[in-house]
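Quick notes on the structure that follows.
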Number of protein chains: 2
Amino acid sequence: MANAFNGKVPDALGEGRQLLLERPHASACRSAIRRQRHFSPAGGARHMNSFGEPLRLLGWITGADAEQLDQLARERVADFAPREDIVSEGDPPQFMHAVLRGWLCHYKALPNGRRQITGFSLPGDICDERVFLIRQMDHSIAAVTNATVGLIDRHRLQDLMGRRPRLQQAMARQSYLRLSMQREWLVSVGQRGAIERLAHLLCELHLRLEAVGQAEPDSCEMPLTQSEIAEATGLSTVHVNRTLQELRAANLIVLRDRTLQIPDLRALREAAMFDPSYLRCGDKDVPGNG
Amino acid sequence: MANAFNGKVPDALGEGRQLLLERPHASACRSAIRRQRHFSPAGGARHMNSFGEPLRLLGWITGADAEQLDQLARERVADFAPREDIVSEGDPPQFMHAVLRGWLCHYKALPNGRRQITGFSLPGDICDERVFLIRQMDHSIAAVTNATVGLIDRHRLQDLMGRRPRLQQAMARQSYLRLSMQREWLVSVGQRGAIERLAHLLCELHLRLEAVGQAEPDSCEMPLTQSEIAEATGLSTVHVNRTLQELRAANLIVLRDRTLQIPDLRALREAAMFDPSYLRCGDKDVPGNG
DNA sequence: CGGGCAGTTGAATCCAATCAAAGCCTGTGG
DNA sequence: CCACAGGCTTTGATTGGATTCAACTGCCCG
């Protein structure tokens, strides 16, 4: 129970694996809400539930540190529907967010109406490990699937971190990892062609999911919409569609029913020019990278 | 002398302003060196000199913290020629680098020969505030102009930071700022057209230079090559050329002799969809943003 | 004077965006 | 149970922005 695993994959909660997709994009009660200010005001968490994935952060910390953070993350949780904003650009951040279930995306909207997804947060990820440094969010975070998020009070967190330097270092690690991913995305969008770009995104997501025990070596969930993939890669929706078909035709991926299968991981990674070292955070090995 | 200014612009070393360009791109002794492993091995700093810009970091710290860091940064310095690698991808980082003079660029090279510049480091910037977290550089840092860099031993730094929590927080700030810029670049490359992209880059550089007292309200140095601009924006060199001409034609910029003049800052920023808040690091005001 | 590099220009090509419309699947409501 | 709506996917036709290839200028420097 105590999440005292150390670096390697926590395959423990394997049960949680299929949870992601129970109701993918059920356009649900609230219809196509964009940039909604929702966000449970002090105690207004909508559902409480206790399942969820262990925080990846915990791979970097152990013992009392880990338990405290884990407990803090599960103390107050909220559920979000697809497309719902968890925090919006300009909001004063109250909580740090830990993904317990589902996928989130980070995005920035432009005055011309377009938006760029700048990253995804998967189960076990901390979204905004630097909240206590800022007064206003400089980007938005939204749910991609149905998601459960742990809300960690920024002051209590700051407090805890003051008392636990290892926790602080773990946050720094998470922060570094995010920067590293951001950089790689920029390289992708700036220098890679459409096929490579898509392949690269899929490789990254697969590897990250595998790292938290949510993927098989040759497959994983893929709840993303083609238009979300487009917003993440800087392509148009139709071109994403056509490019995916190319990848299918080349037998590099099998993608249906929101499930991604990878017949030949090595081939896909080669096509993507995917070098997993940017996910290694400097000195940790990432599982599943040959 | 003690760099105890607080947030606002240090216009003190105004003398340093023109230094940037004395020998811009003097292809110098060492010719077109790419990804060179150079890097002074323990004590091999080539030139010692004592001038340079105050570290921007110091805007977030004061007193003894500031002095210590500043001293540490100037204790051992090295000069680099344009295009020379300061650290290369894969290198085990020994030092943290502080820019004292000149411009650096961060880049990642791809197997297909292309490369993406992921950011610039200007005088006063810390390049790699997270060195002590990693065993291998996940990207390279090179000099763009002639540059003087302070080399800060990672262990001594880590030591110092352990004893000075405010310093640690300042590093976290720098780290956050870099992430924020990285994100904005991704938005740029992913969603903005060529004109906006270039305009945006110019706006960012101008504002950042102004923040360290190296720019006038309507002009700044621009030592970047068109091909470097291309690598930073994900465009081709020729297209950068043509796009710059468009900007000139629209009277948004005047760019010659490695100097950028901005006749109408408001207009340029509008054309770029430039919102300076991403450089504000959450709660600090950035000077010169109207 | 020649070499190298940055900048410029033109022509041809291509990758990707845009416009438009149809097919599909799912949930909803009569 | 069927009709309908809405969101996602797919396809075709067209446009356009950006790349590529190539050549030429001007400049600094040896």
Side-chain angles (χ1 to χ4, degrees), chain A residues 21-34 81-84 112-114 116 144-146 188-198 222-231 233-249 253 255-260, chain B residues 21-34 81-83 112-114 116 144-146 188-198 222-231 233-249 253-260:
Chain A
L21 286 205
E22 342 98 279
R23 288 171 58 220
H25 283 261
S27 53
C29 32
R30 65 203 82 250
S31 56
I33 313 163
R34 297 228 164 184
R83 293 162 161 274
E84 196 176 355
N112 64 5
R114 304 170 129 257
Q116 172 73 37
V144 168
T145 65
N146 286 305
S188 238
V189 176
Q191 302 298 335
R192 284 185 248 256
I195 308 164
E196 302 140 1
R197 236 183 274 182
L198 290 197
M222 251 305 300
L224 296 180
T225 278
Q226 289 189 355
S227 110
E228 283 160 342
I229 297 179
E231 289 174 313
T233 52
L235 299 168
S236 72
T237 317
V238 299
H239 201 238
V240 164
N241 183 300
R242 291 195 240 263
T243 307
L244 282 177
Q245 291 178 50
E246 280 190 70
L247 284 171
R248 279 189 267 247
I253 62 168
L255 183 56
R256 7 179 294 271
D257 300 330
R258 316 219 164 256
T259 299
L260 169 68
Chain B
L21 287 207
E22 342 98 281
R23 289 170 58 218
H25 284 262
S27 52
C29 31
R30 65 202 82 246
S31 57
I33 313 166
R34 297 228 165 183
R83 294 161 161 276
N112 64 6
R114 305 170 127 254
Q116 172 73 38
V144 168
T145 66
N146 286 305
S188 239
V189 175
Q191 303 298 335
R192 285 185 248 256
I195 308 163
E196 300 141 359
R197 236 183 273 182
L198 290 196
M222 251 307 298
L224 295 181
T225 278
Q226 288 189 353
S227 111
E228 283 160 342
I229 297 179
E231 289 174 313
T233 52
L235 299 168
S236 71
T237 317
V238 300
H239 201 237
V240 164
N241 183 301
R242 292 194 239 264
T243 308
L244 282 177
Q245 291 179 49
E246 279 190 71
L247 284 171
R248 279 188 268 248
I253 63 168
V254 180
L255 182 56
R256 8 179 293 272
D257 300 329
R258 315 217 163 257
T259 298
L260 169 68

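A, B, ... follow the sequence lines: proteins, then strands. Residue 1 opens every chain.
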Mark yes or no for a side-chain to base donor-acceptor pair under 3.5 Å between Arg256(B) and dG7(C), with no hydrogen or angle criteria applied. no
Choose from dA18(D), dT9(D), dA17(C) the nucleotide whose nearest atom is closest to any side-chain atom of Thr225(A). dT9(D)
Taking CZ from Arg114(A) and C1' from dA16(C), how many angstroms apart are they, rounded to a whole number? 11 Å
If you define the side chain from C-beta out and look only at heavy atoms, does anything of Glu231(A) sit under 4.5 Å from Leu224(A)? no
Ignoring backbone atoms, establish whether Arg192(B) has a side-chain N or O less than 4.0 Å from OP1 or OP2 of dG17(D). no
Listed nucleotide nearest any side-chain atom of Val238(A), set dC19(C), dA16(C), dT8(C): dC19(C)
Can you see if the side chain of Gln245(A) gets near the phosphate of dT9(D) - specifically, an N or O under 4.0 Å from OP1 or OP2? no
Rounded to the nearest angstrom, tell me the gap between atom CD in Gln191(B) and atom P in dA16(C). 15 Å
Rounding to a whole Å, what distance do you find between His239(B):NE2 and dC15(C):C1'? 13 Å
So, OP1 or OP2 of dG7(C): does either fall under 4.0 Å of a side-chain N or O from Asn241(B)? no
Among Asn241(A), Thr243(A), Thr237(A), side-chain contact (heavy atoms from CB on, under 4.5 Å) partner for His239(A): Thr243(A)
Non-hydrogen atoms of Pro82(B) and Asn146(B) that approach each other most closely: CD-OD1, 3.2 Å
Nearest-Å distance for atom pair CD/P, residues Glu228(A) and dG7(D): 13 Å
Can you find a side chain N or O atom of Gln226(B) that sits less than 4.0 Å from OP1 or OP2 on dT8(C)? yes
For Leu235(B) and dG17(D), give me the distance from atom CG to atom P, rounded to whole Å. 14 Å
Rounded to the Å, how far apart are Glu231(B) CD and dA6(C) P? 11 Å
In whole angstrom, what separates Ile195(B)'s CD1 from dG16(D)'s P? 15 Å
Quick one: does Arg192(A)'s side chain have a donor or acceptor within less than 3.5 Å of a partner on Arg197(A)'s backbone? no
With side-chain contact (heavy atoms from CB on, under 4.5 Å) as the test, pick out the partner of Met222(A) among Thr259(A), Ile253(A), Leu260(A). Leu260(A)
What integer distance in Å separates Glu246(B):CD from dG16(D):C1'? 13 Å
At less than 4.0 Å, is any side-chain N or O atom of Arg258(A) found next to OP1 or OP2 of dT26(C)? Yes or no. no
With DNA chain C as reference, determine whether Thr237(B) or Arg242(B) sits nearer its 5' end, using the nearest nucleotide of each. Thr237(B)
